[in-house]
Amino acid sequence: MRHEERRISAIFQRAILLAMAAPTLAACADAGSVGPPSTSPPGTVGDAGSDATTTQSIDGGLAFDGGLHVDDGGICASHLIASEPVDTCGNYVRLPCGVPQGVVPRDNCYFEINDCASICPDTYFNCHAIGDSCLDGGAIVADDAGGVTVDCAICLTGVGRIPAGLASGAVAVAFVHPSPVGAYFARASHFEAASVHAFRRLRRELAQHAAPPRLLRAARRAERDEARHARLTARAARRFGAAPITPRVHPVAARALDAVALENAVEGCVRETFGALVLHVQAAAAGDRAVATMLAEVARDETRHAALSWSVAAWASPRVDAASRARIAAACAVAIAELRRGVDAAASIAPDAELARVTGLPSREVSHILLNVLEADLFATLPRA
Ligand SMILES: [Fe+2]
Ligand SMILES: [Fe+2]
């Protein structure tokens with residue numbers, strides 16, 4: 001584990017040095033002056049006002065408030081649909097009558113973040129048309145059935161693992177004053193709390209498959225870390241006027257080792273590892289002293305979690321068959337591609353200046369540099385078939 005942590009830390013250092021040389025981050029760091037935020041804390045909120053908006057079942061899907069659109073032909077009810085293959089980072093929404101009136105898509109099949117609020121269930125970070133609804137040139141069109149399918153991305157990098165069984169669509173952020181910074185931390189806290197479940201389950205499943213005690217101990221420590229992260233980010237959310245909603249995670253039946261290894265590779269070796277690196281960059285660039293200190297603490301923990309993921313992968317890989325290793329490698333390739341799309345998605349939406357300043361969120365250019373280094377130096381060492 002120590003060996004993996006040192007290896008990953010060395011790669012992170014190279015990536016961060018390259019990223020710091022990028023004009024956008026350098027400029028930010030120069031101005032950066034770590035200091036108090038310009039937004040005055042609007043106070044704290046409780047769960048009152050939380051808007052669990054899922055309401056009724058339509059055509060086997062879930063309709064939700066805000067998902068009803070009046071069109072020429074009458075009322076169209078958007079609904080959640082299952083993704084195939086399963087996408088743990090997206091809620092797929094079907095708009096049976098196409099793009100709602102008044103919604104103007106941006107380039108690359110993405111919608112404005114405000115329009116995502118009317119299209120998506122209440123947890124999302126961006127949304128974009130997919131499949132036949134998105135032409136190669138980036139235009140959104142109705143598909144053969146006359147509708148549009150939208151992927152409402154629910155994963156936020158840097159916030160840990162998404163556990164199987166995480167309830168989607170019925171989680172929300174309660175606002176006193178709409179604040180992008182508060183929303184960011186409330187969503188982060190939601191997923192940090194979900195990561196507690198992910199590591200608790202990982203520990204139990206590792207025990208069931210007779211993994212060495214050092215991995216079980218590390219998973220237990222990571223579970224405690226994630227609970228602390230959830231509290232830290234919830235505190236930050238409340239400071240900026242928002243509050244997280246506790247995640248609901250449905251029970252998952254005992255899984256075979258190949259399923260555990262696949263989830264670990266995608267959620268841990270790819271997503272959590274990239275998230276840890278992004279957090280280091282954010283900690284260096286955040287323009288708010290308290291936020292920078294918190295992000296640095298979380299980044300250190302997340303680097304250790306990344307090392308745990310890679311140690312679990314090294315232990316599990318020889319214990320699953322070649323077909324499973326091929327499936328895991330393919331799933332990782334999809335997850336890496338999804339990270340790239342996510343980076344581009346974030347860039348296609350006009351960034352909120354205060355959010356970028358307070359949290360040090362990296363630009364698209366910096367994010368691609370980080371991903372490039374990870375792909376070349378780390379992801380290339382993922383176990384293969
Ligand atoms: Fe983590
Ligand atoms: Fe975390």
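For ligands, and for the atoms within them, numbers begin at 1 and follow the listed sequence.
Of the angles at the Fe ion (ligand 1), the one spanning OE2 of E226 and OE1 of E302 is 150° when given to 10°.
Closest N/O/S atom of E192 to the Fe ion (ligand 2): OE1. Distances from the Fe ion (ligand 1) to the N/O/S atoms of E272 are shortest for OE2. Among heteroatoms of the N, O or S kind in H305, ND1 lies nearest the Fe ion (ligand 1).
Here H229 reaches the Fe ion (ligand 2): one of its N/O/S atoms is less than 2.8 Å from the metal.
Every side-chain contact (heavy atoms from CB on, under 4.5 Å) that H197 has, sequence neighbours left out, goes to P163, R200, V249.
Under a 3.5 Å cut-off, the side chain of S189 and the backbone N or O of P244 do not form any donor-acceptor pair.
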Taking distance alone, no hydrogens or angles, what donor-acceptor pairs closer than 3.5 Å link side-chain atoms of residues 326-333 to residues at least two apart or in another chain?
from, atom 1, to, atom 2, distance (Å)
R327, NH2, D258, OD2, 3.4
R327, NH2, S324, OG, 3.2

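Side-chain N/O atoms of T381 and W310 include no donor and acceptor closer than 3.5 Å.
The salt bridge (Lys or Arg N to Asp or Glu O under 4.0 Å) test with E223 singles out one residue from R204, R203, R228, and that residue is R203.
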